[in-house]
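Beneath this line is the structure, given in structure tokens, with notes to follow.
Lettering of chains follows the sequences in order, A, B, ..., and the numbering in each one begins at 1.
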Amino acid sequence: MKNIIQTVKGTREFYPEEMALRKWLYGKISQVSQSFGYQEYDGPFLESIELYAAKSGEELVKEQSFVFPDRGGNLITLRPELTPSLARMVAQRQNQLVYPLRWWSFGPFWRYEKPQKGRTREFFQWNIDLIGVDSPEGDAELVAIAAEFFKAVGLTPSEVKILVNDRRLMDSQISKLGIEKTEDKKKVLSIIDRRDKLSANDWDSYVLESGFTTTQLNGLKDVLNNKDLYKTSETVMRFFAALNALGVEQYVSYDPRVVRGLDYYTGIVFEARDAGESSRAILGGGRYDNLVGDVGGNPLTGVGFAMGDVVMPLILEQFGKLPALNLNPAEVLVTVFDADCQAYSLAIAAELRQAGINVNTYPEAVKIGKQFKYADRVGARYVIVAGPDERDAKIIQVKDLQSGEQNTVPIKEAVSVLQKMIHK
RNA sequence: GUGGCUGUAGCUCAAUGGCAGAGCACUUGACUGUGGAUCAAGGGGUUGUGGGUUCGACCCCCAUCAGCCACCCCA
């Protein structure tokens, strides 16, 4: 045990239990994405480092990416995010694609970060984007997709909330405080982003230390406490009207403190958080204006979000919403009574499989009790016993481990009887 | 990248410088053609790894690896 080579730091292994959960999650994501008419796509897992140099935040590429030289000396990156690949894919076929473009993806990503709970170095991420539209209704569609996803996995509006703001709204408010320079505005956004991470007093001093006046500080506080700020924006009002019409308004609320860290958001921004103590960010996204420009296309607007796969199981566990998943694909186990009867058992199993039933056989003729225990442990519900008596009489015994009932079934009716039992 | 906590059986944890243990899990039996429940017995450890201090180290010191927590950043 001790000299087994360790897994790479921050990676996960998917034993059947975890794999079943991953597939379940993928299924929900796929179902919700497709219910809104989005098409599945994917990009390469390996990209050249130049792709990220243009657009992504400096830190993401320089400090949080796995980068290595290939045998030819080119720097290769394990993709830390999908958006640049998406931008290129759109740019390459910009004039052939049909807009609005609705695409979604679920695949692996790598970031060289310090692993801890809810954060690994290798993770899966759901990306979904609506490209080529700039309307509040388009923004609302993406938020509605997030809400429908929560609904699909069984999370209620009291357990998860999607918090929304609009950068344009914030921008005009910040201007009103006499902060006009782009650089200063960026600084304010990052200050707002830290609002929850500091105590009220510490945050106040942080604002002042960053070079802003007391008047600006107080003005900023007023803005951040104004839950009705969105009512001053016709666009955001339309956005909320659309959410109402889509029937997901209970999951969504306006919060002027949400600004998101990334520079490239230009309109609506949103993030989902759980209502528990940890209050983790579950997903985040927003509107961007210049998706394709950086990789050489004509500017296209879009709105999208990303959700990692690591936090969701933690949230589901916290609220007791983890699904009970069946790990054993075989509903039936055919026991092997003794060496002489093995062929009879194998033939029964083969016949059931021909009929589309998933069947385990016990691979050796050990004590029947052990085989029953095995069936119980692996979660096979029906056990077939076919010993010498059964073989000679052309029958089998079928036991339902859940009810404990056992019936004698003529071999000719085995398929139909089991199909009925399995599908009832 | 910075700071802190932790690491003992498959799992959850005891043992605070003097013989490395318990519960659960596992194997076998009670039950010679039937799982779960009960009872009994049994197997299982280089105490994360490598050094050091000591007559003696799970325990103290150093390093290292991993996990967790707070920063940073974000999914």
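Helical stems of RNA chain B (runs of at least 3 Watson-Crick or G-U pairs, donor-acceptor distances under 3.5 Å) are listed by first residue: B:1-7 with B:65-71, B:10-13 with B:21-24, B:26-30 with B:38-42, B:48-52 with B:60-64.
For A:Gln116, whose side chain is taken as the heavy atoms from C-beta onward, the closest listed nucleotide among B:A75, B:C71, B:A66 is B:C71.
In this structure, A:Val303 and A:Asp129 have side chains that are not in contact, with every pair of non-hydrogen atoms separated by 4.5 Å or more.
Taking atom P in both B:U54 and B:C69, the straight-line distance is 39 Å, to the nearest Å.
A:Trp126 and A:Ser33 form a side-chain donor-acceptor contact under 3.5 Å, judged by distance and modelled atom types alone. Side-chain contact of A:Gln342 with A:Tyr362: a donor-acceptor pair under 3.5 Å is absent, judged by distance alone.
Using a 4.0 Å cut-off, some side-chain N or O of A:Arg260 falls inside it from OP1 or OP2 of B:A75.
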Contact state string [nucleotides 23-35 of chain B, B base, S sugar-phosphate only, - no protein heavy atom under 4.0 Å] = ---S-SS---BBB

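A:Arg119 contributes a side-chain N or O that forms a donor-acceptor pair with the base of B:C73 under 3.5 Å. Checked by distance alone, A:Arg111 brings a side-chain donor or acceptor within 3.5 Å of a matching partner on the base of B:A75.
The aromatic rings of A:Tyr112 and A:Phe66 sit perpendicular to each other, their planes meeting at more than 60°, with 30° as the lower class boundary.
Using a 4.0 Å heavy-atom distance criterion, A:Ala306 is classed as a sugar-phosphate-only contact.
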